[in-house]
Amino acid sequence: MISLRKINTLIIIIIAVMLLNHGVLSLLYMYGVINYSPDFQITGRRLFYPVVAHIIISLYLYFKDKSYGVNRYSNLISDTKQQLITGIGIMVFVTLHILGYSFNSLGDSGSFYFNVYHFIVDNLLFVSIALHLRISIPKLLISFGFFDKKEAYLNFKQKVNYFVLIILIIMIFGEVIYYAGGVL
């Protein structure tokens, strides 16, 4: 029988693919490669249900492990707390992101204040997601049993940190180009 952790891991993979699609489309738009498309909103809306399922399962597993005093990965205590905190941050900034784009979508020429709002909220969302993923991706591979030694896990985690940092820089740079280009 498949465990709840593995189900959650599969949901994470689905979320990652959908989020990657949403992010790439948005990034291509911000860099001026493609025109605005309603697919941005549709892709974002499709993320809702898997994200809710991930949150529910993750919170259940977190509190279940905490109540039993079980910590399957004792060296990951601080990582688990960071995941919880960044997960809450993601929910806050996703809510602000959705509200902001409900009032003034990316394709509309908005006021200076909406542009500043979008820029700040989106970048805080990117940072929250990046900090969450830098822990989630290596733990995802632990869930599937890919690491048998601590050194392999730590080596992979370091590579993920660099990869996530590069993606974060690309996303923030896209935001700067989009909003600075609109101002210039």
Side-chain angles (χ1 to χ4, degrees), residues 8-58 82-141 156-184:
N8 199 27
T9 302
L10 292 172
I11 291 171
I12 292 167
I13 292 169
I14 292 167
I15 292 169
V17 169
M18 293 173 75
L19 188 60
L20 185 63
N21 179 44
H22 185 67
V24 168
L25 286 176
S26 298
L27 193 60
L28 289 173
Y29 171 72
M30 285 189 277
Y31 278 110
V33 176
I34 63 173
N35 292 326
Y36 179 79
S37 169
D39 289 343
F40 299 157
Q41 293 176 351
I42 293 168
T43 307
R45 287 182 192 141
R46 288 184 182 151
L47 276 164
F48 179 76
Y49 294 109
V51 167
V52 168
H54 169 63
I55 291 168
I56 291 169
I57 293 171
S58 295
Q82 183 177 339
Q83 265 185 309
L84 181 64
I85 292 167
T86 56
I88 292 167
I90 290 169
M91 293 313 303
V92 167
F93 295 123
V94 161
T95 302
L96 294 173
H97 174 81
I98 292 168
L99 287 173
Y101 286 106
S102 295
F103 292 116
N104 186 17
S105 68
L106 193 59
D108 296 342
S109 58
S111 72
F112 173 77
Y113 298 109
F114 264 117
N115 288 341
V116 170
Y117 172 85
H118 288 309
F119 181 80
I120 291 170
V121 168
D122 288 353
N123 283 300
L124 289 173
L125 176 60
F126 298 157
V127 169
S128 297
I129 291 172
L131 290 173
H132 196 75
L133 288 177
R134 68 173 281 280
I135 295 167
S136 298
I137 293 171
K139 284 178 72 174
L140 178 135
L141 294 179
F156 182 75
K157 186 176 176 184
Q158 183 179 16
K159 289 177 183 175
V160 168
N161 286 340
Y162 290 133
F163 177 74
V164 168
L165 179 62
I166 290 167
I167 298 299
L168 179 63
I169 290 169
I170 290 170
M171 294 300 288
I172 291 173
F173 189 65
E175 289 270 320
V176 169
I177 286 176
Y178 180 77
Y179 289 110
V183 172
L184 298 176

Side chain to side chain, [X] and [Y], heavy atoms closer than 4.5 Å:
X    : Y    : answer
I129 : T86  : no
L141 : F156 : yes
Y49  : V52  : no

Please round to the nearest 0.5 Å and tell me the distance separating atom [atom1] of [X] and atom [atom2] of [Y].
X   : Y    : atom1 : atom2 : answer
S58 : N8   : OG    : CG    : 4.0 Å
T9  : I14  : OG1   : CD1   : 11.0 Å
L20 : L25  : CG    : CG    : 9.5 Å
I57 : I12  : CD1   : CD1   : 9.0 Å
I34 : L28  : CD1   : CG    : 5.0 Å
L27 : E175 : CG    : CD    : 9.0 Å

* For F119, which residues count as a ring-ring contact (aromatic ring centres under 6.0 Å, His included) partner, sequence neighbours excluded? ->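 If we apply the ring-ring contact (aromatic ring centres under 6.0 Å, His included) test to F119, skipping adjacent residues, there are no hits.
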* Of all residues at least two apart in sequence or in a different chain, which pass the side-chain contact (heavy atoms from CB on, under 4.5 Å) check with I15? ->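 Result, side-chain contact (heavy atoms from CB on, under 4.5 Å) vs I15: I11, L47, P50, V51, H54.
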* List for me each residue that meets side-chain contact (heavy atoms from CB on, under 4.5 Å) alongside I120, sequence neighbours excluded, and say none if there are none. =>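 side-chain contact (heavy atoms from CB on, under 4.5 Å) check on I120 returns V116, L124.
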Anything under 3.5 Å between a donor and an acceptor, one on a side chain of residues 89-98, the other on a protein residue two or more places apart or in another chain? List them.
unit_1, atom_1, unit_2, atom_2, d
T95, OG1, M91, O, 2.7
H97, ND1, D122, OD1, 2.7

Considering only distance and modelled atom types, tabulate donor-acceptor pairs under 3.5 Å from the side chains of residues 160-172, sequence neighbours left out.
unit_1, atom_1, unit_2, atom_2, d
N161, OD1, R134, NE, 2.9
N161, ND2, K157, O, 3.4
Y162, OH, Q158, NE2, 3.3

* Ignoring hydrogens and geometry, is there a side-chain-to-backbone donor-acceptor pair from H132 to Q83 under 3.5 Å? ->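 Checked: pair present.
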